[in-house]
**Q** 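This is the structure I have questions about; it appears just below.
Note: hydrogens, waters and symmetry copies are ignored here, and every other heavy atom, side chains too, is used.
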Amino acid sequence: MEFSFKKKSYHSLFSWYTLTFIVVAFFVYGAYYLSGHSLIWQIDGSQQHLPLLISYRKALIEFFQHPFAGITTWSWKYGLGSDTFQIYSYYTIGDIFAYLTLLFPASKIIFAYQVMIILRMYFAGLSFAYFAKHLRLQNSTIIVGAMIYIFNAYLLYANVAQPFFTTAFIIFPLVILGIERILQGKSAFYLTFVFSWMFINNFYFAFILGLGGIIYLILRVLFNYRKRLDYWVTFKKLSFASLTSLLISAGLLLPEILAVQSSTRAGSLFANGLKTYPIYYYLALPSQLINGGNRDFYFWSALGFSSIAFFGVCFILLKYKRYPLLASTFILSFIMLLFPQFGALFNGMMSPSNRWTLMLCLPLSLAVSELLEKLPTLSDRTMKYLAYLTFAYITVVGINYYFQNSEKLFIPIIFLLVFLGMLFWIRYGKSIHPYRLANGLIIANIVLNAIYFETPYNGGFANEMLPNGAYEKLLKNRYGGLDDDIAPSNTFRVSTISNNFFLAKDFKMYNTLNEKLHGLSSYYSLQNQYLGDFSRNMQNIQYETNVPLREFDDRAILLNFLGVKHLFAQLNQPNDNKIPYGYHLSQSTRLIHDVNQKASKNQQMRRYTTNYAFPLMYWQNKVITAKQIQSLSVTQKERLLSQGVLMTKKDATGLKRLDIKNDTVEVPFKLISDRGNIVDPSNLQNSDKNETYRIVLNLEELKRTKQLPKNSELHVEINDIKYTPFSFKKQIQFEEKNQADDLTKGLLASNDRLAYYKYFRYHVLKGSPDMSYNITVNSKLGAETIAQPRQSKTSFFKIVNNGTMNLGQFKTLPDSLKLTLSKMGTYNFKIKVYAQPFTSDYQRDVKQIQKHAVKNLSFKQNGVSGDITTDQLGVITSSIPYSKGWKLYVDGKKVPLYRTNQAFVGFKLASGKHHINLVYQIPGLKLGLTLSVIGIILLIFSWMLQFKKRISI
């Protein structure tokens with residue numbers, strides 16, 4: 001495999017590629033159009049990529065119209081507020097396709113977003129074609145290779161779900177070309193340009209592609225340049241390209257790296273604690289190669305190519321002496337796919353996500369092109385081996401069918417046999433136009449894979465797309481018009497009742513998509529680390545790395561503290577009666593009666609409003625230290641948010657300590673199995689997944705001690721959770737026993753052999769035994785769950801060993817609660833039940849806080865200012881997320897900031913009348929821009945030197 005950098009014509013290649021792309025794209029994207037779907041994924045597409053693109057485009061236009069007004073460094077509309085760079089950097093700032101949307105009017109931005117999806121795919125294939133042309137391949141085989149490169153399971157999913165993934169497919173072939181140019185003694189400027197684009201585009205994929213480039217460099221030198229390379233000159237050129245591109249991109253890259261380090265992603269468990277993958281992963285891996293309609297991306301091992309790919313890989317391995325680079329790449333990739341540590345390495349030392357497989361698409365597509373080029377000259381021995389390997393492969397895949405019996409493999413297996421016949425026909429037959437036959441069959445395979453992948457039948461991907469016009473409808477009617485009379489303001493937030501706001505099947509709305517109203521929940525890849533710490537410390541069971549708060553489980557005091565003034569809920573959806581204390585019905589839509597007169601199916605949207613929301617910034621005269629609260633429960637700590645400010649002992653120097661008097665009531669209880677036994681939660685063995693438990697509250701004891709509260713929020717706190725699953729063998733034994741004891745399906749329904757196979761297959765596919773579990777507690781107002789996710793959840797994996805569940809507000813406490821365990825095994829946990837009464841004391845505390853709010857708040861592009869008058873030394877605290885980018889000026893003088901209540905901006909303030917000015921500066925931006933200027937100057941200076949040398953020669 002030799003590269004040639006002689007001048008060549010690309011016109012014919014690009015023309016035929018464009019025509020072929022149009023034909024294939026018609027079927028790929030036509031499947032969405034014909035079924036009435038847009039190219040907007042209902043998860044990330046509608047909640048991150050498109051709204052951020054709209055917002056960023058608007059910000060760009062405002063900047064162009066008023067270039068001297070500065071940029072917005074802090075936005076209040078992303079959750080509680082966020083560094084704009086932290087939000088935009090991951091998706092939009094470095095994406096060149098985002099800037100192309102400026103060519104479209106604002107009214108067509110949703111259309112432009114979808115056009116960019118297709119345009120990215122086009123350029124990804126074009127990049128491959130440009131790359132492959134340097135290998136002296138025929139245009140026909142290059143075009144087929146380009147189709148395989150872009151229309152595979154990885155990109156059929158990612159190009160719509162995560163559009164910016166596609167750009168990595170554009171860049172990677174150019175990175176390889178840039179390295180190859182240097183190895184052949186050519187200029188480093190080409191690689192400098194590509195590296196700069198790679199770093200600016202997205203730091204995450206820059207890391208992946210950078211590692212891929214290093215691996216390519218090592219293998220290429222080892223197999224091809226080991227004896228003829230000028231190592232010193234090559235090292236200088238590679239160093240120049242790397243260093244200069246890092247400097248040029250530093251204006252974006254440095255703040256982005258700092259944003260990652262201060263985000264909730266920092267400190268993740270390496271490889272999610274896995275040493276090997278679950279059995280089902282290894283069983284499914286062989287079939288993944290040709291399963292182009294596959295969407296089961298176990299640990300993001302997203303392969304799924306045209307079935308011809310199998311023969312391409314086999315051909316390269318059989319001819320490894322001729323193709324040592326490609327052969328070693330396939331062998332190395334196979335080894336890397338076997339161990340989760342490699343996935344974690346390429347994923348930034350975090351979860352074992354094999355997104356690096358995007359780079360495998362390049363050598364695999366090249367392998368197919370090389371196979372087609374050399375097919376007429378293959379030896380009889382090679383053809384025989386290809387036949388043997390095909391039937392061996394089908395046998396391996398067939399064994400896996402007993403576990404997964406997926407009909408998705410039908411088309412790939414059929415085409416595998418068709419391609420085997422085609423190879424023999426072209427090799428031994430007398431076909432006049434052999435490549436037309438091959439290209440036609442390959443494109444037909446790709447198209448059928450895409451149709452099977454996307455069409456909305458049998459769970460096709462189109463089911464996860466928003467219908468045409470749905471996003472526009474969502475923007476206009478997010479809250480059913482109940483937000484129309486709410487005046488825009490940055491001083492409060494809104495939220496929905498947890499797990500209640502139903503908009504469509506499997507559609508969860510994590511962002512408001514409303515510039516007027518700022519939601520409590522936010523869903524972005526980079527979230528404030530301190531905010532995540534606060535959420536976890538308050539044992540928020542809804543916490544996720546990308547969604548740190550959600551609705552905070554409807555806990556009234558926390559909602560008040562975070563400034564949530566309005567709550568939206570839908571009738572007859574989960575938790576529709578779980579309305580937090582102090583929120584009263586303020587408006588509702590027209591009640592829509594069910595046509596069959598079933599009240600449980602009536603529809604209505606409701607808005608609840610409270611007068612107890614805390615101000616954005618306010619003064620407190622009492623502080624609390626960690627030592628004071630270390631023995632308190634989470635519910636008790638939550639109550640203290642209205643009484644004082646939590647600070648470190650050092651920061652609290654000179655301030656009054658709060659004399660803690662808590663009105664939280666611990667409720668005595670017994671945990672009883674539905675079999676009638678009292679259960680010890682410190683050693684609870686669950687051998688029947690159908691067994692449930694009751695938390696029986698001892699209300700009589702509270703009556704005797706005159707502690708029985710009324711109008712209370714009921715919390716179940718579970719701590720120190722340790723779950724040990726039964727062994728694989730033991731789980732199946734218990735499953736069989738439970739089925740044998742269950743006669744509800746009839747005396748003759750028992751089939752021991754089938755039962756064993758069924759449970760054996762079930763636990764293999766579930767990866768048993770694994771550490772995941774659910775602990776669910778039900779009350780009459782709703783159900784809440786503490787969930788330990790599987791290690792296969794990659795980025796959404798977390799270690800869960802505690803949680804506080806809010807079961808709702810009760811005028812009178814219930815007699816019992818229902819507790820359910822999702823899996824068999826041994827559970828060890830500590831459980832306590834607390835009632836938090838809402839008395840006049842709490843109302844007084846809130847009114848006092850509201851009285852001491854910072855007045856005359858003025859919001860700017862880079863912060864907020866306001867006025868306050870105090871009569872003694874105290875602390876200004878807030879619900880503004882803390883960041884090192886904040887700078888504080890009181891009466892024009894810079895004053896130190898503190899992190900209060902674990903996660904929020906705060907500072908000491910002496911008595912008197914003061915003007916406060918909080919200013920936000922994006923961390924690392926000034927230094928990064930300075931380095932970028934140095935990098936550009938270095939590049940220009942180097943180019944001028946080289947140009948001068950050429951003239952002198």
**Q** Does any non-hydrogen side-chain atom of Leu289 lie less than 4.5 Å from one of Phe305?
**A** yes
**Q** Yes or no on side chain to side chain donor-acceptor pair (under 3.5 Å) for Tyr428 and Asp380, after CA distance, side-chain angles and deciding distance?
**A** CA-CA 10 Å; Tyr428 297 108; Asp380 294 342; 2.6 Å; yes
**Q** Would you check, one step at a time, whether the test side chain to side chain donor-acceptor pair (under 3.5 Å) holds for Gln162 with His49?
**A** CA-CA 8 Å; Gln162 309 284 354; His49 307 312; 2.8 Å; yes
**Q** Using 0.5 Å steps for rounding, measure from the CZ atom of Phe189 to the CD1 atom of Ile182.
**A** 10.5 Å
**Q** Evaluate whether atom CZ of Phe3 has more than 12 neighbouring non-hydrogen atoms of other residues, nucleotides or ligands under 6.0 angstrom away.
**A** yes
**Q** Do the non-hydrogen side-chain atoms of Tyr17 and Phe128 ever get within less than 4.5 Å of each other?
**A** no
**Q** Testing the basics here: between Ser333 and Trp356, what is the closest heavy-atom pair and its distance to 0.1 Å?
**A** O-CH2, 3.7 Å
**Q** Do Ile442 and Leu372 come within less than 4.5 Å of each other through their side chains, counting heavy atoms only?
**A** yes
**Q** Any side-chain donor-acceptor pair under 3.5 Å between Tyr216 and Glu180?
**A** yes
**Q** Once you round to the nearest 0.5 Å, how far does CG of Leu386 lie from OH of Tyr393?
**A** 14.0 Å
**Q** Working to the nearest 0.5 angstrom, can you tell me the gap between Asn152 CG and Leu364 CG?
**A** 9.0 Å
**Q** Would you name the heavy atoms of Arg427 and Leu375 that are closest together and state the gap between them?
**A** CD-O, 3.4 Å
**Q** Atom CD1 in Ile179, atom CG in Leu174: separation rounded to 0.5 Å?
**A** 11.5 Å
**Q** Would you say the side chains of Tyr154 and Asn159 form a donor-acceptor pair under 3.5 Å?
**A** no
**Q** Just grab all the side chain to side chain donor-acceptor pair (under 3.5 Å) pairs involving residues 121-130, residues at least two apart or on different chains.
**A** Thr18-Tyr122
**Q** Between Phe207 and Leu345, what is the shortest heavy-atom contact and its length?
**A** CE2-O, 3.2 Å
**Q** Can you measure from CZ (Phe346) to CD1 (Ile215) and round to the nearest 0.5 angstrom?
**A** 3.5 Å
**Q** Will you find, in the side chains of His11 and Ser9, an N or O donor that is under 3.5 Å from an N or O acceptor?
**A** no
**Q** Grab the two heavy atoms, one from Tyr280 and one from Ser792, that are nearest each other, plus how far apart they are.
**A** OH-CB, 3.4 Å
**Q** In the structure I gave you, are the side-chain heavy atoms of Phe97 and Ile170 within less than 4.5 Å of one another anywhere?
**A** yes
**Q** State, to 0.1 Å, how close Ser249 and Phe199 come at their nearest heavy-atom pair, and which atoms those are.
**A** OG-CB, 3.2 Å
**Q** Tell me if a side-chain donor or acceptor on Thr455 pairs with a main-chain N or O of Gly460 at a distance below 3.5 Å.
**A** no
**Q** Looking only at heavy atoms, which two atoms of Tyr277 and Pro340 are closest? And how far apart?
**A** OH-CA, 3.2 Å
**Q** Do Asn354 and Ser301 have a side chain donor and acceptor closer than 3.5 Å?
**A** yes
**Q** For Phe342, what residues pass the ring-ring contact (aromatic ring centres under 6.0 Å, His included) criterion, not counting sequence neighbours?
**A** none
**Q** Apply side chain to side chain donor-acceptor pair (under 3.5 Å) to residues Asn202 and Tyr91 and explain how you reach the verdict.
**A** CA-CA 7 Å; Asn202 178 273; Tyr91 303 111; over 6 Å; no
